[in-house]
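We use all heavy atoms of the structure for the numbers below, so side chains are in, but hydrogens, waters and symmetry mates are not. For reference, positions follow the sequence shown, starting with 1. Both ligands and their constituent atoms are indexed starting at 1 by order of listing.
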Amino acid sequence: MQTPASTRTVTQTLTPRRAVFMVPPERPTIITIDGPAGTGKSSVARELAGRIGLDFLDTGAMYRAAAAIVIDHAIDRADTDAIVAKVAGADLHFDWTTDPPAIMAWDIPIDHRIRDADVTAIVSPIAAIGKLREHMVRKQRIIAHQHPRLVSEGRDQGSVVFPDACVKFYLDADAAVRAKRRADQLRAEGRDADEAALLAEILERDRSDSARKDGPLICPDDAVVIDTSRMTREQVVERLEDEVRVRIAL
Ligand code: DC
């Protein structure tokens, strides 16, 4: 259809848009670290964040907190609406004055509870609840808005939550190595550790985290993939820091 002459005249006499309208707002500095259980993501993410002066977000702690709430409030695991309502009511957030930041529910720290075996045993199916993930993704984006210089660690951080992250990492390792690391970690905390049982649990969690419909564990196409099987924690942190520093000015 032809543009009416009067409209054409107005369009032609308008001042061209100034470039300032095109400039995007200052980009937050988000670094994502995803990967399966037992790759040491949390500890290296936390150390990386400390080295480069960013905040650290442990999104697994949020799903673990949800699982702890389900157990401690005796919520029927099949009643997903009740789970989402209870967790939303708990207003999960972090106390950023502690290192690492402590996860809080109803303004009370629950970080001491979230790594207990009963919580670990049910966290993967809880984390597969679609509506719960939507809630967590919203919360994680709000946290990033409040802490725009962030290392965020989980399963879906680079793929779903922060697809525009400045740098994305995907850490992987042999399942047997991951089971051994988990066992060493538990023993260091004075807890019992059965390596064969831990390996079976890790494999089951990998399967369930990768197979779920919402926010499955996948490696984003644009992620830097690092196999940590034969690397020490220090080597992994060094490598991550090097990769970050060649990509962005901090
Ligand atoms: O990293 P972790 O072991 O603390 O994670 C606990 C569980 O939460 C694990 O089963 C995967 C799930 N999780 C998730 O589904 N999405 C995330 N962003 C982080 C963790």
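Contacts with ligand 1 closer than 4.0 Å are made by heavy atoms of both the backbone and the side chain of Ser124. Of the heavy atoms in Arg212, only side-chain atoms (C-beta onward) come closer than 4.0 Å to ligand 1. Here Arg64 has side-chain heavy atoms under 4.0 Å from ligand 1, and that is the only part of it that gets that close.
Around the CG atom of Asp242, the shell of radius 6.0 Å holds more than 12 heavy atoms that belong to other residues, nucleotides or ligands. Heavy atoms from other residues, nucleotides or ligands lying under 6.0 Å from CG of Asp192 number 12 at most. In the displayed structure, Lys139 atom NZ is contacted under 6.0 Å by more than 12 heavy atoms of other residues, nucleotides or ligands.
Between Arg155 and Asp206 there is no salt bridge, since no side-chain nitrogen of the basic residue lies less than 4.0 Å from a carboxylate oxygen of the acidic one.
Looking at heavy atoms from C-beta onward, Ile226 lies in side-chain contact with Phe169 at the 4.5 angstrom threshold.
The single protein non-hydrogen atom nearest to atom 19 (C) of ligand 1 is Thr59 OG1, 3.4 Å, given as residue, atom name and distance. Atom 9 (C) of ligand 1 has Arg205 NH1, 3.3 Å as its closest protein atom, hydrogens excluded (heavy atom only). Closest protein heavy atom to atom 5 (O) of ligand 1: Arg155 NH2, 3.6 Å. For atom 8 (O) of ligand 1, the closest non-hydrogen atom of the protein is Tyr63 CB, 3.6 Å. Given atom 20 (C) of ligand 1, the protein heavy atom at minimum distance is Gly60 CA, 3.5 Å. The nearest protein atom to atom 12 (C) of ligand 1, hydrogens excluded, is given as Ala127 CB, 3.9 Å; this is a heavy-atom distance.
Under a 4.0 Å criterion applied to the non-hydrogen atoms of Gln157, ligand 1 contributes the atoms 18 (N). With ligand atoms numbered from 1 in the order given, ligand 1 contributes 7 (C), 8 (O), 10 (O) to contacts under 4.0 Å with heavy atoms of Val123. Distances below 4.0 Å separate heavy atoms of Asp209 from the following atoms of ligand 1: 9 (C), 10 (O), 11 (C).
At least one N/O-N/O distance between Asp156 and ligand 1 falls below 3.5 Å.
Residue contact annotation: Arg182 has a non-hydrogen atom under 4.0 Å from ligand 1. Residue contact annotation: Arg133 has a non-hydrogen atom under 4.0 Å from ligand 1. No heavy atom of Gln140 sits closer than 4.0 Å to any atom of ligand 1.
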Please report the C-alpha distance between Asp58 and Arg46 in whole Å, then the side-chain angles of each, then the deciding distance to 0.1 Å, and finally whether the salt bridge (charged side-chain N to carboxylate O under 4.0 Å, His left out) criterion is met.
CA-CA 8 Å; Asp58 172 3; Arg46 184 177 156 202; over 6 Å; no
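Gln140 and Thr59 share no donor-acceptor pair across their side chains, judged by distance under 3.5 Å alone. Checked by atom type, the side-chain pair Thr120/Arg205 shows no donor-acceptor distance below 3.5 Å.
Tested against His147, the residues Phe94, Phe56, Trp96 include a single ring-ring contact (aromatic ring centres under 6.0 Å, His included) partner, Trp96.
A donor-acceptor pair under 3.5 Å is absent between the side-chain atoms of Arg207 and the main chain of Leu203, judged by distance alone.
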